[in-house]
Number of protein chains: 2
Amino acid sequence: MTKKLNSDPVCAVDYAFQRIGGKYKGRIIWYIHSFTVLRYGELKRSIVGITPKMLTQTLRELEDDGLVNRRVYNEVPPKVEYTLTESAKELIPFIDHLREWGDKRMGNYKIICQ
Amino acid sequence: MTKKLNSDPVCAVDYAFQRIGGKYKGRIIWYIHSFTVLRYGELKRSIVGITPKMLTQTLRELEDDGLVNRRVYNEVPPKVEYTLTESAKELIPFIDHLREWGDKRMGNYKIICQ
DNA sequence: CAGAATCCTTTACGATACTG
DNA sequence: CAGTATCGTAAAGGATTCTG
């Protein structure tokens, strides 16, 4: 199973934050957007330090919420590609805004991302 | 003490989400923005179900992160007002966009907020 | 390669009572 | 009114091992 239900959202802001909150969701969406399409292993290498469990779990939640598409190729070795849905793409301009906002204020933390 | 350090953000997106994540931050920012200025008790009544502990803790984190101003009047009974900083105001278009996005997709949950 | 399974730790959050 | 303090629960996240 993917995850416990979040507590019911009490408003749209709340609802939205529940979908894209969590430790990795913002980054995952941003990375997939940056590369248009990413395989599981590529994501794994991009999100430094994430465990396979968390990556899978987070991707499933995003899929369940209609934010990412999961495409499985029937090959050996296996190949799975992740892309953003149209719904998720609507979020990009403002995740970008958020990124700039964060960038301006990060100061010390200057580990590069993306 | 207000809170444990979040794990170090690894990029600007991450950094930003850490500042405005959590169960109540989005809503608190949104409410203060809607009313321009809110007292502690008014916030308490707006954020239905929040405990004083969580409200205080969340407000302190927002203050520490430079997102809200806390103004204390030296009166009896006490009076404390919260407003958004310029930095937080930059986030409003983003949160508004997010709110619209959430609103479009909420479906069932139609408890009104604001 | 792309994960699933299991177990465990940490952190967020909640209930309740009290105070200047 | 605007908080603190203490204690407890639940959810999020991590480590490690295994598999089709």
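We name chains A, B, ... by the order of the sequence lines, and we start the count at 1 in each one.
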| query | Should the ring pair A/Phe94 and B/His97 be called parallel, tilted or perpendicular, given that the plane angle runs from 0 to 90° and is split at 30 and 60? | reply | parallel
| task | List the steps and the verdict of side-chain contact (heavy atoms from CB on, under 4.5 Å) for B/Ile28 and B/Leu62. | result | CA-CA 9 Å; B/Ile28 289 179; B/Leu62 290 170; 3.8 Å; yes
| Protein-nucleotide distance (B/Leu59, atom CG; D/dT4, atom P), rounded to Å | 10 Å
| remark: One should read off an interatomic distance between A/Ile32 CD1 and A/Asn69 CG, to the nearest 0.5 angstrom, of 9.0 Å
| query | For DNA chain D, which residues in residues 40-48 of chain A have a heavy atom at a distance below 4.0 Å? | reply | none
| field | Interatomic distance, A/Glu75 CD vs C/dG3 C1' [rounded to whole Å] | value | 16 Å
| query | Rounded to the Å, how far apart are A/Asp8 CG and C/dC13 C1'? | reply | 17 Å
| query | Mind checking whether A/Ile92 and B/Val13 sit in one hydrophobic cluster, side chains of I, L, V, M, F, W, Y counted as touching below 4.5 Å? | reply | yes
| Rounded to the nearest 0.5 Å, how far does CH2 of B/Trp101 lie from CG of A/Leu91? | 5.0 Å
| said: Just the rounded figure in Å: distance from P of D/dA12 to CG of A/Leu55. | reply: 17 Å
| note | Nearest heavy-atom approach of A/Lys25 to A/Thr58 is CG-CG2, 3.5 Å
| request: May I have the distance from B/Gln18 (atom CD) to D/dA12 (atom C1'), rounded to whole angstrom? | output: 14 Å
| said: If you only use heavy atoms from C-beta on, which nucleotide in D/dT4, C/dC1, D/dA2 is closest to the side chain of B/Arg39? | reply: D/dA2
| query | At what distance, to the nearest 0.5 angstrom, does OH of B/Tyr82 lie from CG of B/Leu67? | reply | 14.0 Å
| field | B/S/- contact track for nucleotides 14-20 of chain D, protein heavy atom under 4.0 Å | value | BB----B
| note | From CD of A/Gln57 across to C1' of C/dA5 the rounded distance in Å is 13 Å
| query | If every non-hydrogen atom of A/Arg105 is compared with every non-hydrogen atom of B/Ser87, which pair is closest and at what distance? | reply | NH1-OG, 2.7 Å
| remark: Taken to the nearest whole Å, CZ/B/Arg71 to C1'/D/dA2 is 17 Å
| message | Quick check on B/Arg70: does its CZ atom have over 12 non-hydrogen neighbours (other residues, nucleotides or ligands) under 6.0 Å away? | response | yes
| Do the side-chain N or O atoms of A/Arg70 get closer than 4.0 angstrom to the phosphate oxygens (OP1, OP2) of C/dA2? | no
| Nucleotide C/dA12, atom P - distance to CZ of B/Phe17 in whole Å | 17 Å
